[in-house]
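We use all heavy atoms of the structure for the numbers below, so side chains are in, but hydrogens, waters and symmetry mates are not. Bear in mind that the values here come from a model prediction, so they are computed numbers and not experimental data. Order of appearance sets the numbers: ligands from 1, and atoms from 1 within every ligand.
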Amino acid sequence: MNHSPAYPSITYICLIAAIGGLLFGFDTAVISGTLSFVKDQFALTASEEGWFVSSGLLGCIAGVILTSFLSDRIGRKKVMILSGFMFLLSGFGCAFAPDFNLLVTARLIGGIGVGMASVISPMYIAEFAPATSRGRMIAYYQLAITIGILMAYFSNALFLKLSQNNFQSSFLHWFLQKETWRSMFFVMSIPSAVFIALLIKIPESPRWLFSINKKEKAGAILNGTVGPLAAKKELDDMNNAASKHSKSKISVFSKSLRLPLLIGITLAILQQFCGINAIIYYGPRIFESAGIASDNALVFQVIIGTINLLFTFVAIKNADKYGRRFLLLTGLTGIVLSLVLCGLLFYTGNSNSILLLILIMMFIACFALSLGPVTWIIINEIFPTEVRSKAVAICTFSLWGAVWIVGQFFPWLLEKAGPAFTFWAFAFFSLINLIFSWRIVKETKNKTLEEVEQLFISPH
Ligand code: BGC
């Protein structure tokens with residue numbers, strides 16, 4: 001323990017892991033700028049278009065399941081590296097796909113990367129971060145998602161602009177001008193390669209090492225990163241938790257894990273049922289249907305994306321100070337209010353106003369300071385190490401399932417029930433989330449993962 005090698009700082013380690021979030025955000029947002037080109041080029045039918053969009057999501061689900069099995073066997077770090085390779089492969093694959101089937105395959109592989117990163121990055125951060133800054137560190141992951149989304153909008157816009165030039169080289173003419181969507185997808189390979197390179201230097205999760213009985217290595221890593229005092233406390237906590245578990249083995253479906261599982265799954269599903277992705281991705285369409293003229297959907301996307309990014313800092317600053325519950329309850333109150341009022345504007349025929357834009361910005365800001373980061377924080381800190389990878393995968397799987405449901409039903413709801421009722425449906429689910437968070441969710445700030453475990457686990 002005294003001769004621990006030097007390790008990078010915890011903040012650096014967690015920021016590197018958070019790049020997984022950036023790739024997640026980029027991959028899910030890049031498609032919006034490429035869709036119309038791909039549709040034209042391959043003369044896609046409506047069902048092929050649907051397949052192109054949903055293939056990523058299908059990959060996500062596969063990636064989540066894969067991670068739940070792999071991360072206990074080969075470790076957290078290797079799975080992160082593998083997710084980086086998926087993104088890299090997908091970036092290249094999409095850019096050079098000779099036909100539509102291979103393009104869809106490459107999107108599917110990118111989806112696997114997203115699914116893997118959405119489980120492994122925040123879980124690795126949660127297992128590494130000290131109790132007093134775990135909220136902030138996992139919120140970095142959410143911040144990275146918002147940066148990835150914005151990066152995709154900007155890079156799509158940049159390549160669109162570039163495509164107006166005349167390139168002499170036949171390769172550049174093809175890649176940047178004639179089939180611009182290829183360059184849009186290709187960009188993802190760059191942060192993916194950087195992610196892989198940076199991951200190599202960071203240590204393995206000490207909690208995973210401890211769980212496979214490599215206690216000395218775990219101790220050395222903790223010693224070299226959080227310092228001897230904090231390392232001793234964390235190791236003692238891990239030893240205590242381990243000796244309790246050895247008396248009674250728990251599985252993810254044990255009775256004692258029902259409450260945390262209920263909390264994790266409910267928060268994951270309700271995070272999506274507030275309509276965040278409908279508003280992020282269909283935002284420009286909502287403005288148009290409200291009669292607010294826009295020649296440039298990008299301007300709205302950038303406004304929404306920037307607010308999303310900036311207000312995540314509120315969570316970064318306060319998750320460990322005022323706690324997860326405080327952020328959830330405040331943010332959800334704002335979310336419910338803004339959604340109800342948006343619905344009211346449409347219902348009373350007053351949607352053609354700047355007020356709609358303000359309310360949507362308020363909704364995004366409230367999401368960014370609460371549901372966005374706090375859902376990921378809580379999912380990743382409420383389960384014991386023994387079952388964490390399986391339990392987090394179940395919650396994240398539910399989250400992606402909910403993304404799918406919203407994606408399928410939002411356009412239908414908008415058309416059949418109209419925008420007022422669509423907003424009120426999102427408000428209704430957010431109200432349920434507010435009540436649920438108020439009555440059921442427990443505060444976890446400043447507790448080690450083992451202390452959180454004690455808080456949640458009912459006696460067997
Ligand atoms: C959600 C994503 C969403 C993103 C927006 C994340 O926490 O899980 O579905 O697109 O936030 O910032």
Would you call E204-K78 a salt bridge at under 4.0 Å N-O?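 So E204 does not pair with K78 through a salt bridge.
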Has ligand 1 got any nitrogen or oxygen that is less than 3.5 angstrom from a nitrogen or oxygen of Y281? no
Would you mind listing which atoms of ligand 1 come within a distance below 4.0 Å of any non-hydrogen atom of W376?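 Those of ligand 1 that fall under 4.0 Å from W376 are 6 (C), 7 (O), 8 (O).
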Ion pair check, E234 and R207, cut-off under 4.0 Å: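 Result for this pair is yes, salt bridge flagged.
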Can you tell me how the ring of F100 sits relative to the ring of F42, calling it parallel under 30°, perpendicular over 60° and tilted otherwise? tilted
Protein contact to atom 7 (O) of ligand 1 [nearest heavy atom, distance to 0.1 Å]: Q142 OE1, 2.7 Å
Aromatic rings W424 and Y347: how do their planes relate, parallel, tilted or perpendicular, breaks at 30° and 60°? tilted
Considering only the protein, which heavy-atom contact is closest to atom 12 (O) of ligand 1, and what is its distance?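 So the nearest neighbour among protein heavy atoms is N308 ND2, 2.8 Å.
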Taking only non-hydrogen atoms of Q272 and a 4.0 Å limit, the atoms of ligand 1 in range are 1 (C), 2 (C), 8 (O), 9 (O)
For atom 8 (O) of ligand 1, find the nearest protein heavy atom and state the residue, atom name and distance (0.1 Å precision).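 Here the closest protein heavy atom is Q271 OE1, 2.9 Å.
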Those atoms of ligand 1 less than 4.0 Å from some heavy atom in F367: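 This gives 11 (O) as the contact atoms.
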Hey, does T146 sit under 4.0 Å from ligand 1 if you only count heavy atoms? yes
Using 4.0 Å as the upper bound for N to carboxylate O, is an ion pair formed by D72 and R388?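 Between D72 and R388 there is no salt bridge, as every charged N stays at least 4.0 Å from the carboxylate O atoms.
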Go through the steps to decide whether E49 and K39 satisfy the test salt bridge (charged side-chain N to carboxylate O under 4.0 Å, His left out), and finish with yes or no. CA-CA 7 Å; E49 186 187 340; K39 203 169 136 186; 3.6 Å; yes
Atom 3 (C) of ligand 1: which protein heavy atom is closest, and how many Å away? N277 OD1, 3.4 Å
How are the rings of F423 and F346 set to each other: parallel, tilted or perpendicular (split at 30° and 60°)? parallel
Per-atom filter on ligand 1: closer than 4.0 angstrom to a heavy atom of I280 are 5 (C)
